[in-house]
Amino acid sequence: MRHARIGIGRIVLIRCDVVVVGAGPAGSMTAAALARRGYTVRAFDRALFPRDKACAEYCPPGVADVLERAGVWASVAPYAVSTPGMNVCVGGLTILPVRYGAGGVVRTGFSVPRIRLDSMLLEHARRCGADVREGERLTGITNIDRGFSVTIVNRAGESTTMETRAVVAADGLYSPAARLLGVRSTGRWPQRLGLVSHFATARDLECGEMHVGSGLYCGLATVEPGVMTVGLVVDLAEARARGVHGQALPEWALERLPAVRARLEGATMLKPARGIGPMSRRVDRVAGAGFLLVGDAAGFLDPFTGEGLYRALRGSELAIETIDVGLRRTSTATVPDLTGYAQSRRRVFAGKERVTWIIQVAMTQPRVFTRLARSLAGSSAARTQFGNILGDIARPTPASASVVLGGMAAGGVRSIFRTGHTAS
Ligand SMILES: Cc1cc2nc3c(=O)[nH]c(=O)nc-3n(C[C@H](O)[C@H](O)[C@H](O)COP(=O)(O)OP(=O)(O)OC[C@H]3O[C@@H](n4cnc5c(N)ncnc54)[C@H](O)[C@@H]3O)c2cc1C
C-alpha cells in the first residue's frame, strides 16, 4: 500500500500498511523490522523521547541475542554494564547464584538505562524507514472496510487519522489500544507494586542481586559506573493491610530488607522513585483480524524473573513474522488474519511461563522459596538448566524441566506439592 497524505484543514488523513501504537522497545522493534521489509509503517508515542520507564533495567543474555538479530546490539553494547548473572539472596546471604551458559561457554546478563535503550531503539526504527512520531496520543480506533481507522492527537491539539490494514498495540501495561480493539484486560495474581530509582554509589556491584523477603523483593544492579538501579517490588495487599503507602513504602520495605539498606548506606538518590502497580495483567486474546498486541500490552506477570524486555523483544519478532505473512497472503482489499500469533507465542513462551509460576508460588512462602533455591543451588545440572531458562537462552524442554524439578525435589518440592504444607 502506498503512503498517502490528504490534508483537510488541520485534520490529516494518512494511509499506510501498519500502524504501531507506542514506541517503547516492543513498538520500535516491530516498526523497524516491518519498515525494513518494505512496508509503510507509522509508529507514534504519546511521550517525547528520551523518556524514562519504571524498570529495574536488568537484561538476561537472551535480550542481547534478539538485539543482535535486529542489528542493533552493536550500538547498545557500549552502554551495557555486563554482569555474570543474578545472585538470589535471603537474609543478606546468596542462596542461589543464577548464571548463564553451558559446555564451557559463559554468557552474561547486562544492565542499561532505559532512558538510553528506548531512545536508541526508537532511532533504529527511524533509520530502518519507519515514520516515528513523538508527542502523539491515541484517541480512537474503528473498524473500516479494509482494516482500521486510527486517530491520534498531537500536543498542539491537531488530529491525524490513519487508515491501515494492520494495527500493533505496543502501548504498554494498561494499553488503551487493546481496549479500543475490543480486547479485555484484567488484573491477576500476584498484585504487586514496583518502585524503581537510581542511586549514586561509591562501589559498583560485581553481580546483580535479588533480595527476597516476606511479601517483597528488591533487585539491585549497576546500570552505569557509579550508578545502581534499585527496584523494589511489594505485595499490595500486605502494604495496604499495614496501612503503608506513598512515600512511606520505600522506608517500610527497606526496614524489612536490612541487607539492601546496608548496600545503600552512603548512597545518594539520583532521581525520585517511579512506581507502577498493580503490575500483573492478562488479556483475553493477543491477536485478531488485522491486529495484534506486543510487549506489556499482551500481558505481564512480574519482573522477578526479568523476562519483561525479553518478552517484548522476542514477542515483536513473532509479531513481525505473523504480520509479514498475513499482509503478503491477503489482497489489499482484505484484512489479514493475524490470529496465528497467539499460537507462536504459546510455542515460544509457555515453557518458561510454567517455571515462572512455580517461582511465583514459592515466593509466597519464604521458607519454601529458600529451600527450593538452596536445593537448586546444590545441583550443578539443575542450576545450569535453570539459569539458562531464566536467561532466555534455553527454552524448557521436558528433559530440562525434569532436571530442574529434580533439583528442586531434592529440597522437598514433591512433599510440598503433595501435602501443601510449608517446609520448615
Ligand atoms: C517495576 C518494574 C521493574 C521492571 N524491571 C524489569 C527488568 O529488570 N528487566 C526486564 O526485562 N523487564 C523489567 N520490567 C518490565 C519491562 O519494563 C517491560 O516489560 C517493558 O518496558 C515492556 O516494553 P513495551 O514496549 O511493551 O512497553 P513500554 O516500555 O511501557 O512502552 C509503551 C509505550 O507506549 C506509549 N503509550 C502508552 N499509551 C499511549 C497512547 N495512548 N498513545 C501513544 N502512546 C502510548 C508509552 O508512552 C510508552 O512509551 C519491569 C517492570 C516494572 C514495572
Side-chain angles (χ1 to χ4, degrees), residues 1-8 10-24 26-46 122 125-126 128-154 158-172 175-183 283 285-295 297-298 315-342:
M1 191 186 280
R2 291 177 60 76
H3 207 131
R5 287 155 189 267
I6 309 163
I8 314 165
R10 286 168 65 206
I11 300 172
V12 180
L13 178 65
I14 291 169
R15 292 205 177 89
C16 53
D17 295 316
V18 186
V19 166
V20 180
V21 186
S28 288
M29 293 289 275
T30 308
L34 288 171
R36 237 184 204 168
R37 291 182 189 202
Y39 295 105
T40 52
V41 182
R42 174 78 178 249
F44 61 93
D45 200 293
R46 67 181 174 196
L122 180 119
R126 282 196 177 122
C128 290
D131 180 359
V132 187
R133 305 295 175 103
E134 300 166 45
E136 292 190 347
R137 188 171 50 80
L138 176 71
T139 53
I141 303 180
T142 47
N143 281 91
I144 53 172
D145 248 6
R146 288 175 231 168
F148 297 92
S149 163
V150 179
T151 315
I152 57 103
V153 65
N154 67 15
E158 293 161 344
S159 205
T160 301
T161 298
M162 294 166 265
E163 289 187 359
T164 181
R165 293 174 67 201
V167 173
V168 175
D171 48 348
S175 174
R179 183 170 33 79
L180 289 166
L181 288 161
V183 173
V283 292
R285 63 207 159 111
V286 292
F291 76 86
L292 49 76
L293 281 46
V294 281
S316 83
E317 289 187 322
L318 303 174
I320 292 152
E321 287 311 320
T322 312
I323 293 171
D324 191 16
V325 171
L327 289 178
R328 276 193 281 115
R329 277 201 190 144
T330 45
S331 77
T332 50
T334 34
V335 178
D337 175 15
L338 303 180
T339 51
Y341 172 67

What distance separates I320 CD1 from M29 CE, expressed to the nearest 0.5 Å?
7.0 Å
Ignoring hydrogens and geometry, is there a side-chain-to-backbone donor-acceptor pair from S28 to A23 under 3.5 Å?
yes
Mind checking the OG-CG spacing from S159 to L13? Nearest 0.5 Å is all I need.
11.0 Å
For residues 135-144, dump all side-chain donor-acceptor pairs below 3.5 Å to protein atoms at least two apart in sequence or in another chain.
residue	atom	partner	partner atom	Å
E136	OE1	R42	NH2	3.2
E136	OE2	R42	NH2	3.4
T139	OG1	T151	O	3.0

Test of understanding: with salt bridge (charged side-chain N to carboxylate O under 4.0 Å, His left out), list the residues that count as partners of R126, not counting sequence neighbours.
E123, E134
Where C16 and T40 come nearest, the two heavy atoms and their spacing
CA-OG1, 3.4 Å
Check the pair T160, N154 against side chain to side chain contact (heavy atoms under 4.5 Å, CB included), reporting the backbone distance first and the verdict last.
CA-CA 8 Å; T160 301; N154 67 15; 5.9 Å; no
What are the two closest heavy atoms between S316 and V294, and how far apart are they?
CA-CG1, 4.0 Å
Heavy-atom side-chain contact between V335 and F291 under 4.5 Å
no
With I323, the side chain to side chain contact (heavy atoms under 4.5 Å, CB included) member among V168, L318, V167
V168
Can you name the closest pair of heavy atoms from D45 and G24 and give their distance?
OD2-N, 3.8 Å
Any L327 side-chain heavy atom under 4.5 Å of V18 side chain
yes
Could you tell me if the side chain of I152 sits less than 4.5 Å from the side chain of R133, heavy atoms only?
no
Between L293 and Y341 the two heavy atoms that sit nearest each other are O-OH, 2.6 Å
Validation row: R165, T330 side chains within 4.5 angstrom (heavy atoms):
yes
Check side chain to side chain donor-acceptor pair (under 3.5 Å) between R179 and all other residues, then give those that pass, not counting sequence neighbours.
none
Locate the shortest heavy-atom distance separating A35 from C128; write the atom from each residue and the value.
CB-O, 3.5 Å
Please round to the nearest 0.5 Å and tell me the distance separating atom CZ of R285 and atom CG of L181.
8.0 Å
For A26, does its backbone N or O pair with a side-chain atom of T30 as donor and acceptor, under 3.5 Å?
yes
Which atom of A297 lies closest to which atom of A169, heavy atoms considered
CB-O, 3.5 Å
About how many Å separate CG of D17 and CG of L34, when rounded to the nearest 0.5 Å?
9.0 Å
